[in-house]
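A quick write-up on the structure given underneath.
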Amino acid sequence: MTPENLTPASCDLHCDTFPRVSPKKRIAVIPGDGIGKEVIPQAVRVLEAVGADLAFSHFDWGADRYLADKTTVPADGFAMLARDFDAILMGAFGDPRVPSNVHAKEILLGMRFQMDLYANVRPVRLMDASLCPLKGVEPNGVDFVVIRENTEGVYGDLGGVFKQGTPDEIAIQEDINTRKGVERITRYAFEYCAANKKGDGSPRRRALLCDKSNAMTHAGGLWQRVFKEVGGEYPQIEKQHMYVDALCMQMVRDPREFDVIVTNNMFGDIITDLAAGMQGGLGMAASGNLHPGKTSMFEPVHGSAPLIAGKNMANPLGAILTAAMMLSHLGMTARAEKIETAVLEAVRLHKTTADIGGTLGTREAGEWVAKSVAHR
Ligand SMILES: NC(=O)c1ccc[n+]([C@@H]2O[C@H](COP(=O)([O-])OP(=O)(O)OC[C@H]3O[C@@H](n4cnc5c(N)ncnc54)[C@H](O)[C@@H]3O)[C@@H](O)[C@H]2O)c1
């Protein structure tokens, strides 16, 4: 490890100068690639405008850095983030100049795995009926949360290819499901359900296990047993189960049915993009990658969108809602609510980018929300 490769690209407070007990929460900002570099500055601008007591340090991890010096994650980088920061605000990774996307994999999956950020929390809330492609769905009709297991499943890259390039080629992709991993994400989902309210203030009441245990019997059996056992500790919460295929159909037919969904890494990845389509598209979707008690990471759901990158077209609201989620996690709930209210107003007044019906650019949409929160 060299000190210079851990130094933030630019920061208003150098890491080494943080007092031992800082009143400010320390935020590592990693915009990444493509539109990540456009939307994350808008999220930071809104955090500054809302008066949150935060100290930002900016890091240049991403394709540019990788192409310049082959660094994906600086040595000891994840340990430094865990040690020196209260939370991480991240953009997106993926760049056509790096066809293998090796940097994206090492930064994003590396962070989730090595920092053990096992709970991927994705709230799905429709802010305005006009954003939903489904007929007759009112804003409160879509308000659920997907809790996705984030460290196991098929994303561990275990497996191999045999006889590659021949007609007899065999590709094996292992699906890892540990008792510990399934139990902790299931418990997280029940705890989340018990502790959180919906946007209209009503309590969350139902936890639903989404799996494919009819076909994937071994892994599915483990999830089923654990869900039943852990669920027994939460008698006040209604338990439900759906196969992932049926759930996709039901989500389109009647999204009102859902409250808290817990699922594995791959199904969570897929159903949350489907869900994002119901709240106005990828530009509106926020997420957190959490491990209670440890430094957690917050990122908009979307990728780096190379085709619109650099054009001031990207919707910053997903990143701004992600920043609000980070504030809630850090205990600054009043400020988080201010941001959510301002975003809601921006959507209603069409002070947004074109993907959700407005005429503003990325910077102008961010500026509108920043001004709005500053006046609240
Ligand atoms: N978490 C991440 O870093 C992450 C997630 C998904 C994809 N990726 C990477 O991003 C790159 C592009 O992937 P993709 O095209 O499949 O997904 P993407 O999310 O980047 O884009 C999908 C579609 O949604 C649109 N879109 C996404 N975000 C938007 C926003 N904020 N405002 C307006 N429109 C938006 C894009 O223009 C595109 O049409 C790839 O390299 C992929 O690997 C990274």
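In this chain, residues are counted from 1 in sequence order.
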Enumerate donor-acceptor pairs with a distance under 3.5 Å from any side-chain N or O in residues 280-287 to protein atoms, sequence neighbours excluded.
{"unit_1": "S287", "atom_1": "OG", "unit_2": "E299", "atom_2": "O", "d": "2.7"}

[atom1]/[X] to [atom2]/[Y] distance, rounded to the nearest 0.5 angstrom?
{"X": "T272", "Y": "N120", "atom1": "OG1", "atom2": "CG", "answer": "7.0 Å"}
{"X": "L208", "Y": "T263", "atom1": "CG", "atom2": "OG1", "answer": "9.0 Å"}
{"X": "D254", "Y": "M249", "atom1": "CG", "atom2": "CE", "answer": "11.0 Å"}
{"X": "M297", "Y": "I88", "atom1": "CE", "atom2": "CD1", "answer": "7.0 Å"}
{"X": "M216", "Y": "L222", "atom1": "CE", "atom2": "CG", "answer": "12.0 Å"}
{"X": "S213", "Y": "W223", "atom1": "OG", "atom2": "CH2", "answer": "11.5 Å"}

Quick one: does any side-chain atom of [X] pair with a main-chain N or O of [Y] as donor and acceptor, under 3.5 Å?
{"X": "N177", "Y": "A219", "result": "no"}
{"X": "T178", "Y": "G181", "result": "yes"}
{"X": "D95", "Y": "A63", "result": "no"}
{"X": "E149", "Y": "T151", "result": "yes"}
{"X": "K70", "Y": "A68", "result": "no"}
{"X": "S304", "Y": "G34", "result": "no"}
{"X": "N289", "Y": "S296", "result": "no"}
{"X": "N150", "Y": "Y118", "result": "no"}
{"X": "N196", "Y": "Y192", "result": "yes"}
{"X": "N101", "Y": "A104", "result": "no"}

Heavy-atom pair with the smallest gap, counting every atom of [X] and [Y]:
{"X": "G36", "Y": "P41", "value": "O-CD, 3.9 Å"}
{"X": "G310", "Y": "E38", "value": "N-OE2, 2.6 Å"}
{"X": "A43", "Y": "I320", "value": "CA-CG1, 4.0 Å"}
{"X": "V373", "Y": "A370", "value": "CG2-O, 3.2 Å"}
{"X": "A207", "Y": "I237", "value": "N-CG2, 3.7 Å"}

Give a yes or no on whether a salt bridge exists between [X] and [Y], defined as a side-chain N under 4.0 angstrom from a carboxylate O.
{"X": "K212", "Y": "D245", "value": "yes"}
{"X": "D86", "Y": "K24", "value": "no"}
{"X": "R187", "Y": "E183", "value": "yes"}

Within 6.0 angstrom of K198 NZ, more than 12 heavy atoms from elsewhere
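It does: K198 NZ has more than 12 such atoms within range.
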
Counting neighbours of NZ on K197 that are heavy atoms of other residues, nucleotides or ligands and sit closer than 6.0 Å, is the number greater than 12?
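No, because the 6.0 Å sphere around NZ of K197 holds 12 heavy atoms or fewer from other groups.
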
H103 vs D33, side chain to side chain donor-acceptor pair (under 3.5 Å): CA-CA, chis, key distance, verdict
CA-CA 10 Å; H103 70 295; D33 302 331; 2.7 Å; yes

Determine which pairs satisfy side chain to side chain donor-acceptor pair (under 3.5 Å) with at least one residue from [range], sequence neighbours left out, and list them in order.
{"range": "residues 350-368", "answer": "N312-E364, N315-D355, T353-D355, E367-K371"}
{"range": "residues 321-347", "answer": "E345-R376"}
{"range": "residues 160-174", "answer": "none"}

Residues that R253 engages under side chain to side chain donor-acceptor pair (under 3.5 Å), provided they are two or more places apart:
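Not a single residue meets the side chain to side chain donor-acceptor pair (under 3.5 Å) criterion with R253.
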
Derivation and outcome, side chain to side chain contact (heavy atoms under 4.5 Å, CB included), residues I271 and C248:
CA-CA 7 Å; I271 65 173; C248 287; 4.1 Å; yes

Between [X] and [Y], is any pair of side-chain heavy atoms under 4.5 Å apart?
{"X": "L108", "Y": "M90", "answer": "yes"}
{"X": "V121", "Y": "F298", "answer": "no"}
{"X": "T72", "Y": "W61", "answer": "no"}

Hydrophobic cluster identity match, [X] and [Y], side-chain contacts under 4.5 Å:
{"X": "V154", "Y": "L158", "result": "no"}
{"X": "I176", "Y": "I270", "result": "no"}
{"X": "I107", "Y": "V301", "result": "no"}
{"X": "I356", "Y": "I308", "result": "no"}
{"X": "I35", "Y": "L89", "result": "no"}

What donor-acceptor contacts under 3.5 angstrom involve side-chain atoms of residues 125-139, with partners at least two apart or in another chain?
{"unit_1": "D128", "atom_1": "OD2", "unit_2": "S130", "atom_2": "N", "d": "3.1"}
{"unit_1": "D128", "atom_1": "OD2", "unit_2": "S130", "atom_2": "OG", "d": "2.7"}

Mind checking salt bridge (charged side-chain N to carboxylate O under 4.0 Å, His left out) for D64 and listing every partner two or more places apart, or none if nothing turns up?
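Once residues adjacent in sequence are excluded, the partners of D64 under the salt bridge (charged side-chain N to carboxylate O under 4.0 Å, His left out) criterion are K37, R97.
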
Any chance you could pull the hydrophobic cluster mates of Y66, using side-chain heavy atoms under 4.5 angstrom and chaining through other members?
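L67, V98, V102, all in the cluster of Y66.
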
Is the gap between the ring centers of F190 and F227 under 6.0 Å?
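They qualify: ring centres under 6.0 Å apart.
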
Report yes or no: is the cationic atom of R148 (NZ for Lys, CZ for Arg) closer than 6.0 Å to the six-membered ring centre of Y155, at no more than 45° off its axis?
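The answer is yes; both the distance and angle limits are met.
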
Partners passing ring-ring contact (aromatic ring centres under 6.0 Å, His included) against [X] (at least two apart in sequence or in another chain):
{"X": "F93", "answer": "none"}
{"X": "F144", "answer": "F258"}
{"X": "Y243", "answer": "H241"}

Do L247 and I261 pass the side chain to side chain contact (heavy atoms under 4.5 Å, CB included) test, and can you show the C-alpha distance, the side-chain angles, and the key distance before you say yes or no?
CA-CA 10 Å; L247 178 138; I261 299 170; 4.2 Å; yes

Run M242 and D211 through side chain to side chain contact (heavy atoms under 4.5 Å, CB included) and show every step you take.
CA-CA 7 Å; M242 271 192 192; D211 67 18; over 6 Å; no

Begin with the C-alpha distance, continue with both residues' side-chain angles, and end with the deciding distance and a verdict on side chain to side chain contact (heavy atoms under 4.5 Å, CB included) for V145 and V124.
CA-CA 6 Å; V145 179; V124 184; over 6 Å; no

My understanding is that only one of E238, Q240, R205 makes a side-chain contact (heavy atoms from CB on, under 4.5 Å) with D259; could you say which?
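Among the candidates, only R205 passes.
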
Provide the full list of salt bridge (charged side-chain N to carboxylate O under 4.0 Å, His left out) pairs with a residue in residues 285-296, sequence neighbours left out, each pair given once.
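Sorted result for residues 285-296: empty, none.
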
